[in-house]
There are 2 protein chains.
Amino acid sequence: MPQSSEHAVGRVQARPPLSVTPPTLADVAERAGVSRQTVSNAINNPDLLRPDTLTRVQESIDALGYSPNRAARNLRTRASHLIGMRIGPAQEGTANATMDRFVHSLVETSREAGYHVLLFAGAGSSTNPLAGYDDLLRSTAVDAFVVTDTYLGNPQATWLEERRAPFVAFGRPWDNPQARHSWVDVDGAAGTELATQHLLDKGHHRIAWIGWRKDSRISEDRRSGWTRAMHARGLPTTGLASRVEDTVASGREASAHLLDSAQPSAFVCASDTLAMGVLHTLRDRGLRAGEHVAVVGFDDSQVAQVVPPGLTSVRQPLEQVAVEVVTALEGLLAHPPVVGTGVMLVPTLAVRGSS
Amino acid sequence: MPQSSEHAVGRVQARPPLSVTPPTLADVAERAGVSRQTVSNAINNPDLLRPDTLTRVQESIDALGYSPNRAARNLRTRASHLIGMRIGPAQEGTANATMDRFVHSLVETSREAGYHVLLFAGAGSSTNPLAGYDDLLRSTAVDAFVVTDTYLGNPQATWLEERRAPFVAFGRPWDNPQARHSWVDVDGAAGTELATQHLLDKGHHRIAWIGWRKDSRISEDRRSGWTRAMHARGLPTTGLASRVEDTVASGREASAHLLDSAQPSAFVCASDTLAMGVLHTLRDRGLRAGEHVAVVGFDDSQVAQVVPPGLTSVRQPLEQVAVEVVTALEGLLAHPPVVGTGVMLVPTLAVRGSS
DNA sequence: CTGAAAGCGCTAACAG
DNA sequence: CTGTTAGCGCTTTCAG
């Protein structure tokens, strides 16, 4: 066995390669001349140890490069320190990136709370969307879930609630006002109201709305912010609204129709995707966004940030959402559990060249 | 105890709530009248059982809603069926979305192979970037890693190799040709060559290149595809190239300079972000992309897909990359391990209005 | 093909 | 404050 201990001095430790088996609690205990339990305490309840014992144990831990085996700890404590989150297939052809941005924030935030994020696939259209949750739950693979798609009369929340599975929703329980679970959401209506006020302040009077189909509660909510702002200034909204699917092509068509029928000088959209449709129409007609017609989107996607001349957009505070979600999660997993009510956050407006 | 067995008949099973403790192997065994080991075999080695025993056990498993406890299984088998992947903070203000799209594909693909994806934070600039890997490795929390940032003289690959940690890189080992680990990459040069040929076929002769700073191997590789295509037709490249940072502003400036100094009729860019910079310049000058000047980006981001009039872009086959990565991973984790060499995939060109 | 015994590495109880 | 005992739920020997 080659001796290279002369190099092992100093702050950088020469950790042994893990090729064989990692050190266990017993190894640390033996090296430190204490019992296994003491080592366990050194890690989980350091204040129970005498200072000198603690340092001695700590030294052995460092020297051996010991880290508690997750599986063993999980088995014993009946917790995995993993948060499950379902992720659907990438949405291409749209500007939707909220979920991706949220995942980033969630990963960062949950790390600080000692959790990791486990991603699982959102099952194809054929499969039962609950299957993934069920599997992870029954096998105790995750401690809790973050549920993100609360928009449709989605069964997840109700189902998880029935199974008493700990979860926090990003999105309020639209269909079920007496839901008792924790949730965090962003006030979309406040966002569109902000956007509309911004346009009104810029001197616009005829401001059109393009949202999603009427069965979308989210879109109807965002729409209400637009009407609220318009009515507050005594301006009419009739003939200025359109409801279409969330695609660029739909936004393009809807804006063309609205320009012909109602001559708006500005558009507020339920998504950046729809707003990009408006930009297409403006280009088709040789109009310049921000000069001839103002446009505001929703989500502050990368698209909004880089498209010329910059798309003004409502920005959801996803970092804050993640923080609130993790806080709620910690409550749920505490002993005894604390079921927080809902948390509503306020979006901001990222103003760019299009308005 | 309420009896509702009359409803429990049929295909939909009335699974008991998991509020208490999930059923264990022992519960299933008792209900089926066999030993625990037989139940374990029914799950892991079904062919060892007599058909009738198997069905009986299977029935009990279904009835109880049993799923093996992950922690226990992990402890015993020394495997977690988790793949770790580091994820950096969301890149805003750019069109970069390769990693997000890749994560989606990876999650889908690894599910089919029986793996879940564990995301961990890419540690702030201050912290040691290897810390996350080290921690997960030492605690045996993941079976393997997928490493995605091989661009800089990045220490991860070397470090993981030294520790004999199983991992597959998305990105070839640029700096270390004698690296022995598995990797999957996309031939960027072939992509830009494709893009340049496409522009040449459209009748362009003066085609400019905007790439990243010279120390980026990826960018230099992509650049070589452009020069190769140009030189193949006997066209000069001098004075037509620019190397800048990967930001919209840089792309904007670089394209403005190039238009003034070299009058190109088309641009090939190392990223969609830079290509968007070109679109900004064109707008500044009242030029229309796809009519006056052609532009091609790289990555086929959402931005490329929705920006008017559509940005032609080189598309990396990320779904395929994920498949190859998972295949390589399965090899690494097999007994005995199979270390695959590198796999190089070929990108395609998504042609849109900008060219 | 099925059953019994052992132990993966850890922590919750207690006893000293 | 430290050590002993037990067991989380599973799979891998090894006998029947």
Side-chain angles (χ1 to χ4, degrees), chain A residues 18 20-58 60-61 64-81 114 135-141 143 335, chain B residues 18 20-58 60-61 64-81 114 135-141 143 335:
Chain A
L18 289 179
V20 203
T21 31
T24 74
L25 208 57
D27 298 329
V28 178
E30 190 182 10
R31 189 181 196 284
V34 295
S35 78
R36 284 160 41 197
Q37 183 50 30
T38 303
V39 180
S40 178
N41 283 338
I43 295 167
N44 302 307
N45 302 85
D47 21 307
L48 290 185
L49 299 208
R50 220 170 29 206
D52 61 323
T53 321
L54 183 57
T55 37
R56 197 155 39 98
V57 173
Q58 192 58 52
S60 291
I61 289 178
L64 262 42
Y66 170 76
S67 190
N69 179 303
R70 283 288 224 285
R73 172 179 277 182
N74 292 350
L75 177 59
R76 189 64 242 236
T77 61
R78 298 174 175 284
S80 64
H81 284 259
D135 176 40
L136 291 169
L137 201 50
R138 297 221 314 278
S139 60
T140 60
D143 290 349
H335 302 290
Chain B
L18 289 179
V20 204
T21 32
T24 74
L25 209 57
D27 298 327
V28 178
E30 189 183 10
R31 191 182 194 283
V34 296
S35 77
R36 284 162 41 197
Q37 181 45 31
T38 305
V39 179
S40 178
N41 282 337
I43 295 167
N44 301 309
N45 303 87
D47 21 308
L48 290 185
L49 297 209
R50 226 171 23 205
D52 61 322
T53 321
L54 182 57
T55 38
R56 197 154 39 98
V57 173
Q58 192 58 52
S60 291
I61 288 177
L64 261 43
Y66 169 75
S67 190
N69 179 302
R70 281 294 223 277
R73 172 178 276 184
N74 292 350
L75 177 57
R76 190 60 240 237
T77 62
R78 300 174 175 285
S80 64
H81 284 259
D135 176 40
L136 291 169
L137 202 51
R138 297 222 314 278
S139 61
T140 60
D143 291 349
H335 301 291

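By convention in this document, chain letters (A, B, ...) are assigned in the order of the sequence lines, proteins followed by strands, and residues within each chain are numbered from 1. Quantities reported herein were computed from a predicted structural model and do not represent experimental measurements.
- Look at CG on B:Leu54: it is 12 Å from C1' on C:dC1, rounded to the nearest Å.
- Between B:Pro22 and B:Asn69, the closest side-chain pair of non-hydrogen atoms is not below 4.5 Å.
- Residues passing the salt bridge (charged side-chain N to carboxylate O under 4.0 Å, His left out) test with A:Arg78, sequence neighbours excluded: none.
- Nucleotides of DNA chain D that come within less than 4.0 Å of any heavy atom of chain A span, from the 5' end to the 3' end, D:dC1 to D:dG9.
- Pairs passing the salt bridge (Lys or Arg N to Asp or Glu O under 4.0 Å) check and including a residue from residues 49-58 of chain B, sequence neighbours excluded, read B:Arg50-B:Asp52.
- With sequence neighbours left out, A:Gln37 forms a side-chain hydrogen bond (donor to acceptor under 3.5 Å, both in side chains) with A:Asn41.
- When every heavy atom of B:Ala71 is checked against every heavy atom of A:Leu75, the shortest pair comes out as CB-N, 3.5 Å.
- Under the side-chain hydrogen bond (donor to acceptor under 3.5 Å, both in side chains) criterion, B:Ser139 pairs with A:Arg70, not counting sequence neighbours.
- Looking at residues two or more places apart in sequence or on another chain, you find a side-chain contact (heavy atoms from CB on, under 4.5 Å) between A:Arg73 and A:Ile43, A:Asn44, A:Pro68, A:Thr77.
- For A:Asp27, the side-chain hydrogen bond (donor to acceptor under 3.5 Å, both in side chains) test picks out no residue, with sequence neighbours left out.
- Take A:Thr24 and apply the side-chain hydrogen bond (donor to acceptor under 3.5 Å, both in side chains) test, not counting sequence neighbours, and it matches no residue.
- The shortest distance between the side-chain N/O atoms of B:Thr53 and the OP1/OP2 oxygens of C:dT2 is below 4.0 Å.
- Comparing the axis of the opening five pairs of the helix from C:dC1-D:dG16 to C:dG16-D:dC1 with that of the closing five pairs yields an angle of 30°, rounded to 10°.
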Summarise how protein sits on nucleotides 7-16 of chain C as a single string, 5' to 3': B when a protein heavy atom is under 4.0 Å from the base, S for sugar-phosphate-only contact, - for no contact.
-> BBBBBBB---

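- In this structure, the side-chain contact (heavy atoms from CB on, under 4.5 Å) partners of A:Ser80, at least two apart in sequence or on a different chain, are A:Asn74, A:Leu82, A:Asp143.
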